[in-house]
Amino acid sequence: MTVANLHETIQASILRRAELQLEISELQAQKTLATYSQADLQSLLSSEKHSVRDYFKALYEGDEELQAQYLDYTQIPDFEEQIDKITAEFQEQLEELTAWETAIDAQITTNDAELKEIDAYLDSYKQMLSSNIQEDFNFGLNG
């Protein structure tokens, strides 16, 4: 009866280990997606800021009054306002992606810890069975 229970426990542990490995693979794929999404959003943000810079630089270079009033285009009051507006638009999305990636990392860490625990149990079962078989073999030789 104990052999059947031990066999069932080992099989359940092996099944759970496989489930965890699959979950970790899926989570790593999601993390990759989150990382790429964040990079795409950063690229879009950078592109939007670049467009604003190009606009104000062209405006500054084409207007002698602005050149006399400001040292460069970044000092034009509307420039900083536009940059801040664009940054604010993207900030919430970036924070959501960062939170998503952090949650995925936490779940991967949790699953890794459980996987290591299962591997330790399986190793202890293997070691226990191996030593019991060795003891039984030695007992059979001596008895």
Side-chain angles (χ1 to χ4, degrees), residues 1-140:
M1 186 57 130
T2 46
V3 172
N5 288 341
L6 182 59
H7 180 69
E8 187 177 316
T9 302
I10 290 172
Q11 290 301 323
S13 296
I14 290 171
L15 177 63
R16 182 63 184 145
R17 181 176 63 183
E19 289 171 350
L20 284 169
Q21 288 169 335
L22 179 61
E23 279 182 43
I24 290 170
S25 294
E26 290 170 350
L27 288 167
Q28 287 171 336
Q30 287 180 7
K31 182 176 178 184
T32 300
L33 177 63
T35 301
Y36 285 140
S37 296
Q38 196 170 23
D40 286 345
L41 195 58
Q42 287 284 4
S43 176
L44 186 58
L45 173 61
S46 179
S47 175
E48 292 281 333
K49 285 181 177 181
H50 188 70
S51 294
V52 169
R53 284 186 183 95
D54 287 346
Y55 170 78
F56 278 95
K57 185 175 180 183
L59 184 68
Y60 177 78
E61 290 173 352
D63 189 339
E64 289 184 19
E65 280 184 37
L66 288 175
Q67 290 177 8
Q69 193 174 3
Y70 302 107
L71 293 176
D72 69 2
Y73 68 95
T74 60
Q75 292 181 336
I76 299 172
D78 290 343
F79 173 77
E80 282 300 323
E81 185 179 308
Q82 288 295 319
I83 293 293
D84 290 345
K85 181 181 174 186
I86 291 169
T87 302
E89 288 175 11
F90 285 89
Q91 191 61 36
E92 184 178 329
Q93 293 175 7
L94 287 169
E95 288 172 0
E96 287 175 5
L97 287 172
T98 301
W100 182 36
E101 193 171 3
T102 301
I104 290 170
D105 281 336
Q107 188 60 48
I108 288 173
T109 301
T110 300
N111 286 2
D112 275 339
E114 186 178 348
L115 187 60
K116 287 177 183 174
E117 187 177 314
I118 288 172
D119 285 341
Y121 284 136
L122 288 173
D123 287 344
S124 70
Y125 291 143
K126 288 176 187 176
Q127 186 177 12
M128 179 187 67
L129 289 172
S130 178
S131 67
N132 284 345
I133 290 170
Q134 184 65 37
E135 287 174 16
D136 288 348
F137 180 75
N138 288 340
F139 181 74

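For Asp54, there are no salt bridge (charged side-chain N to carboxylate O under 4.0 Å, His left out) partners at least two apart in sequence or on another chain. For Thr98, the side-chain contact (heavy atoms from CB on, under 4.5 Å) criterion is met by Gln38, Thr102, not counting sequence neighbours. Residues satisfying the salt bridge (charged side-chain N to carboxylate O under 4.0 Å, His left out) criterion with Glu19, sequence neighbours excluded, are Arg16. Every salt bridge (charged side-chain N to carboxylate O under 4.0 Å, His left out) that Asp119 has, sequence neighbours left out, goes to Arg17. Under the side chain to side chain donor-acceptor pair (under 3.5 Å) criterion, Asp105 pairs with Lys31, sequence neighbours left out. A search for side-chain contact (heavy atoms from CB on, under 4.5 Å) contacts involving Gln28 returns Ile24, Ile108, not counting sequence neighbours. Taking Asp63 as the reference, Glu65, Leu66 meet the side-chain contact (heavy atoms from CB on, under 4.5 Å) condition, with sequence neighbours excluded. Looking at residues two or more places apart in sequence or on another chain, you find no side chain to side chain donor-acceptor pair (under 3.5 Å) involving Glu48. Considering only residues two or more places apart in sequence or on other chains, Thr74 meets the side chain to side chain donor-acceptor pair (under 3.5 Å) condition with Asp72. By the side-chain contact (heavy atoms from CB on, under 4.5 Å) test, Lys57 is found to be paired with Glu61, Tyr73, residues two or more places apart in sequence or in another chain being considered.
No side-chain donor from either of Asp123 and Gln127 sits under 3.5 Å from a side-chain acceptor of the other.
The CG atom of Leu115 sits 5.5 Å away from the CD atom of Gln21 when rounded to the nearest 0.5 Å. Distance check: Ser46 OG to Leu41 CG gives 11.5 Å after rounding to the nearest 0.5 Å. With rounding to the nearest 0.5 angstrom, the CG atom of Leu97 is 9.5 Å from the CG atom of Asp40. One distance of note links CD1 of Ile118 with CD1 of Ile10; it measures 13.0 Å at 0.5 Å rounding. Here CG of Leu27 is found 12.0 Å from CG of Leu33. Values are rounded to the nearest 0.5 Å. For the atom pair CD (Gln30) and CD (Gln107), the distance works out to 9.5 Å, reported to the nearest 0.5 Å.
Residue pairs satisfying the ring-ring contact (aromatic ring centres under 6.0 Å, His included) criterion with at least one member in residues 46-65, sequence neighbours excluded, are listed as follows: Phe56-Phe79.
Heavy-atom contacts from other residues, nucleotides or ligands closer than 6.0 Å to CD of Gln11 number more than 12.
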Only pairs under 3.5 Å count here: list side-chain donor-acceptor contacts from residues 84-93, not counting sequence neighbours, and write none if there are none.
residue	atom	partner	partner atom	Å
Thr87	OG1	Lys49	NZ	3.4
Thr87	OG1	Ile83	O	2.9
Gln91	NE2	Glu95	OE2	3.4

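Judged by distance alone, the side chain of Ser13 and the main-chain N or O of Thr9 form a donor-acceptor pair under 3.5 Å. Ser124 contributes a side-chain N or O that, together with a main-chain N or O of Tyr121, makes up a donor-acceptor pair within less than 3.5 Å.
In terms of heavy-atom proximity, Gly62 sits nearest to Gln67 at N-NE2, 4.4 Å.
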